[in-house]
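Just the heavy atoms: all of them, side chains too, but no hydrogens, waters or symmetry mates, feed the values below.
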Amino acid sequence: MRKYAVIVPLVALLAASVWVAVYAWTAIQGPSLPVEGKVAMGLGIVFSLIVGCGLMALVFYSSRHGYDDAVHFDSTDKHLR
């Protein structure tokens with residue numbers, strides 16, 4: 001029952017936000033976007049996705065290969081004193 005108490009309001013909020021977005025998108029009248037604008041927007045979206053996926057891949061790579069581990073200081077090391 002607790003699961004539904006969380007899921008139902010979240011789905012309702014998602015549905016409401018999608019409805020508002022669709023309403024706002026269709027209600028706004030203006031000149032259509034030229035082909036150059038569509039190409040520029042598409043390239044920007046693709047480039048943003050490539051950068052985002054590349055950075056996430058680097059995060060997972062560094063985490064799995066130990067680059068994010070804590071540094072351990074050995075106080076018995078003589079040439080660090």
Side-chain angles (χ1 to χ4, degrees):
M1 191 63 165
R2 282 185 178 177
K3 210 177 357 179
Y4 294 118
V6 173
I7 292 175
V8 170
L10 288 176
V11 170
L13 284 171
L14 177 65
S17 64
V18 167
W19 181 80
V20 168
V22 169
Y23 177 76
W25 187 273
T26 57
I28 297 172
Q29 297 294 324
S32 64
L33 193 63
V35 175
E36 295 86 5
K38 291 179 182 179
V39 169
M41 187 178 295
L43 289 174
I45 290 169
V46 168
F47 182 71
S48 297
L49 285 172
I50 289 171
V51 169
C53 290
L55 290 173
M56 286 304 296
L58 287 174
V59 166
F60 285 115
Y61 178 81
S62 69
S63 175
R64 291 187 183 236
H65 287 85
Y67 294 112
D68 296 336
D69 292 343
V71 177
H72 298 290
F73 179 72
D74 187 12
S75 61
T76 62
D77 198 3
K78 293 181 181 177
H79 59 291
L80 288 178
R81 289 183 185 188

| query | Is there a path of hydrophobic side-chain contacts, each under 4.5 Å between heavy atoms of I, L, V, M, F, W or Y residues, that connects L49 with L58? | reply | no

| query | Between V11 and W19, is there a shared hydrophobic cluster once you connect ILVMFWY residues whose side-chain heavy atoms come closer than 4.5 Å? | reply | no

| task | List the atom of I28, the atom of A24, and the distance in Å for their closest heavy-atom pair. | result | CG1-O, 3.1 Å

| said: For L33 versus K38, what's the shortest heavy-atom pair and its separation? | reply: O-CE, 3.5 Å

| said: Closer than 3.5 angstrom, by distance alone: can the side chain of S63 be matched with the main-chain N or O of V59 as a donor-acceptor pair? | reply: no

| request: Could you grab the distance from atom CG of L43 to atom CD1 of I50, nearest 0.5 Å is fine? | output: 9.5 Å

| Rounded to the nearest 0.5 Å, what separation is found between the CZ atom of F60 and the CZ atom of R64? | 7.5 Å

| request: Output, in order, the C-alpha distance, side-chain angles, deciding distance and verdict of side chain to side chain contact (heavy atoms under 4.5 Å, CB included) for M41 and I45. | output: CA-CA 6 Å; M41 187 178 295; I45 290 169; 4.0 Å; yes

